[in-house]
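Working notes for the structure below.
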Amino acid sequence: MNYISTRGAGIGERHTFSDILLGGLAKDGGLYLPNQYPRVSADELAHWRSLSYADLAFEVLSKFSDDIPAEELRSLTRKTYTAQIYSNVRHEESAAQITPLKTLGVENGTTLSLLELSNGPTLAFKDMAMQLLGNLFEYTLAKHGETLNILGATSGDTGSAAEYAMRGKTGVRVFMLSPHKKMSAFQTAQMFSLQDPNIFNLAVEGNFDNCQDIVKAVSNDHAFKAAHKIGTVNSINWARVVAQVVYYFKGYFAATKSNDERVSFTVPSGNFGNVCAGHIARMMGLPIEQLVVATNENDVLDEFFRTGIYRVRGASETYHTTSPSMDISKASNFERFVFDLLGRDPARVLQLFHDVEEKGGFDLAASGDFARVKEFGFVSGRSSHADRVDAIRDVFERYDTMIDTHTADGLKVARENLQPGVPMIVLETAQPIKFGETIREALLREPERPAAFIGLEKLPQRFDIVPADASVVKAYIAERT
Ligand SMILES: *Cc1c(COP(=O)(O)O)cnc(C)c1O
């Protein structure tokens, strides 16, 4: 399999899965995609239905990474997707399933269910891909005798998922910036209680934007970046996207009895990473009827799927909401879908994303391409804080199930898109304990806390406070690498 950039650079060059694993953007600023999507035959689909999660992950991933020997890839997926790592299940008996499907009930003539993706170490779906990435990084670095220093900024989910995936891994260090005293007590404790010597928590005296600016400044210093082997694990990482393809297959098998049936998925979306994986599963031949994109008040994606207009938001139009992991001003993986929508024409993608940089967006409404959005199964909707509170309350009362705010965004939009006879699977992206304040508001009670997290906030914390100054952060990294 060869990888190409959505903007056309390097066509005719060879880029393997391992080549692009540790990198970010392609050198022309585009995103990597396979030169064509692998198709899954009816026989394969029949065989995959009975596989464990780890072995299904092996089958899916091996179609995208033919440069990794099969037995080595299989040992990586079996090491990653274990009941022990995905142990934060709500019901003991589902521990071995990794991503249990919880049926809520029948609404509008169809079955509505939740695919639990948040039973991993940090209680958010980002563990599904990040845990594999940790093992892939360790494997690839060891093979080439290299090391990597991951630098990131976080306001919550991404940082902790990266730290729990990379802790104790040979050849990898993590330097994670977070705004000092601005994360919830739970999220702070999750990250800062890690005592592993390869994990460095930097509490920046500033806000999240300051943290991101420092990461940008360090990444733009190419000499420093090369000298200290700085890398990232952000959501455009191809291996993260492809690891997420697996649970669309797993969810489909759990919700159906035969491979003749079709299902729809609703995906709480921010950077379009999760739902991009659903698009890829569908392109591989998984019988998906609709992919429902659910946003919160930051509705860049909902606006596009309703109108054909893609408009990046400025800081004053980017809202802090109670589903904060979807508070984005632009959707960094969206270019991958646009490439497919435009019939894989890199010259046009280059032009459109040039317009994004120059004019803040583009408009496909008048072009024939936008009409094809439906052929790809996409529809969308948005929700508000009041909608989230209603959904959390309703699902708790009706189905005795507690959901988090992001999953609530998904549930609200899913209900607007139910089709009789087509099972609807809502992806559960986090556990309620991570966003306890809104649970208390909606239910007037404490969120459920998995046993492993009892007393978390009382554990000793390990972090260093730094000023919002890139040169101080550089010196900090230089001393430790
Ligand atoms: C990251 C995240 C999302 C958004 O996922 P994308 O891949 O960026 O679309 C949704 N919910 C939760 C809980 C998250 O952590």
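When reading the values below, keep in mind they use all heavy atoms of this one structure, side chains included, and skip hydrogens, waters and symmetry mates. Read the numbers this way: they start at 1 and go in the same order the structure lists the ligands and their atoms.
Checked against a 6.0 Å centroid threshold, the rings of F200 and F463 do not count as neighbours. In this structure, F249 has its ring center under 6.0 Å from that of W48.
Near ligand 1, F125, K126, D157, P268, S269, G270, N271, F272, G273, N274, S325, M326, H406, T429, A430 each place a heavy atom less than 4.0 angstrom from the ligand.
With hydrogens and angles left out, the side-chain atoms of Q187 and D157 include a donor and acceptor closer than 3.5 Å.
A cation-pi arrangement is present between R344 and Y37 under the rule of less than 6.0 angstrom and at most 45 degrees off the ring axis.
A salt bridge is absent between E289 and R282: the closest approach of a Lys/Arg side-chain nitrogen to an acidic carboxylate oxygen does not fall below 4.0 angstrom.
To the nearest 0.5 Å, atom CG of residue L114 and atom CG of residue L427 are 9.5 Å apart.
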